[in-house]
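Take a look at the structure set out below.
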Amino acid sequence: MKPETVVNFDVALIERARQGDTRAFERLYREHVARVHGLCLRMTRNPDAAADCVQDAFIKAWKALPRFEARSSFSTWLHRIAVNTVLEKRRGPANSEVLSEDPTVYEEPVMVFDTPVEEEELEAAIESLPQGARDALVLCGVYGYEHSEAASMLGIAVGTCKAQLHRARGLLKDRLERGVR
Amino acid sequence: MNEPQGRRVKRIDELKREIPPARDLWPAIAAAIEADRAAAAQPTVRRRSWMPAAGMAAAVALVTLGVFIGRAITPQAGATVASNPPTQSPYQPVSLVDAKYQAQRDALFTEVQAKLATMPAVERDKVSASLATLRRSIGEIEAALGRDPANALLQELLVSSCQEEMRALTAVRDSGSQET
């Protein structure tokens, strides 16, 4: 994950929230909600489900605050909770698809297009991806998590995460070329 | 989609990471947090306070009110007694009539004494005072019954007062087991 610029601000709020200050927690919510919601929306592909996941994730985060270690990134910790919440709501294994864990597959998460792609078209193409591939692409490609972090969040092997991302890239390229759906 | 007019991106990580929800989700989150806090606070309150004090205050009030009512109706009852002399044996205190009750009460009272010794001084004084008031009330009812053994209301009052005392003693004894 890329370094955050709000860490110090967060630390003070987190400390106050840990002591039961809901206003401090509300400020944390306001600061992080759009990012958490973006993640949940891309994973669930459903605005209502995403809102439910965001709500649940923040409630879980409040309850788990005493266990949060201030040295780690609050944002990553929150995203982990949000991803877990999405996975729980799916009521099934994170990725039932069996993929090869070939370590030689593409490892660079950042996907660069030959020609600029219209944002909405790209979002629609991501939305159309199979669940496992989409999860890997959203976490690694869009949110910048390392394979190990994304794999840990999704409860899959690092190799599987790489394979899913590789698959996502192929499908995405194909769908963009063909006009998405 | 066929007429692209929005922002274009060259890399996938240029997509917006922040997408605000359509509505403010905080009120629901805050409500859930408050509900959680309220639920968590309940056992804490129970743990920290000596609940028998409040329970006994109610019991004392009940018994005291009963004694007051008993006193108020005693002259009328006495008049009835005077016109219809009792045929049954003179009133005997509950302690003498029901040995089983007395044994249970004594055993409970011994446990309560031990529990009182562990209470903070202020709470101990309150609880002791309430128990003493209960006992005094029972004594007064017994005395009234001694003068008017056939008084059904006083008899009923005595039974309920003894039950209240037993409940209060049990509550004091069990107060330690509420702590977690």
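Proteins come first, then strands; the chains are lettered A, B, ... in the order of their sequence lines, and each starts at number 1. Side-chain atoms are counted along with the backbone in the values below, which use heavy atoms only and exclude waters and symmetry mates.
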Hphob cluster co-occupancy, B:Ile33 + A:Phe74, side-chain heavy atoms under 4.5 angstrom: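 Linked, B:Ile33 and A:Phe74 end up in one cluster.
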
If two hydrophobic side chains count as joined below 4.5 Å and joins carry through other members, does A:Leu41 share a cluster with B:Trp26?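 Per the 4.5 Å side-chain linkage, A:Leu41 and B:Trp26 are not co-clustered.
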
Pick from A:Gly20, A:Pro116, A:Cys40 with the largest number of heavy-atom pairs that fall under 4.5 Å of chain B: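 Heavy-atom pairs under 4.5 Å are most numerous for A:Pro116.
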
Salt-bridge contact B:Arg7-A:Glu119 (side-chain N to carboxylate O under 4.0 Å):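 So B:Arg7 pairs with A:Glu119 through a salt bridge.
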
Under a 4.0 Å N-O cut-off, is there an ion pair linking A:Arg27 with A:Glu31?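 A:Glu31 and A:Arg27: not salt-bridged.
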
Taking every non-hydrogen pair under 4.5 Å, which of B:Glu34, B:Glu14, B:Lys16, B:Lys10 racks up the most with chain A?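 It is B:Lys10.
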
Is the closest side-chain donor-acceptor distance between A:Thr85 and A:Lys60 under 3.5 Å?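 Yes - a donor-acceptor pair under 3.5 Å links their side chains.
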
Between the side chains of A:Glu88 and A:Asn84, does any donor sit under 3.5 Å from an acceptor?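 Absent: no donor and acceptor within the cut-off.
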
Enumerate by number any residue of residues 47-56 of chain A whose heavy atoms lie under 4.5 Å from heavy atoms of chain B; in the absence of such residues, state 'none'.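 Listed by number, the contacting residues are A:Ala51, A:Val54, A:Gln55.
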
Tell me which one of A:His79, A:Glu149, A:Arg42 satisfies side-chain hydrogen bond (donor to acceptor under 3.5 Å, both in side chains) with A:Tyr143.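 Exactly one pass, corresponding to A:Arg42.
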
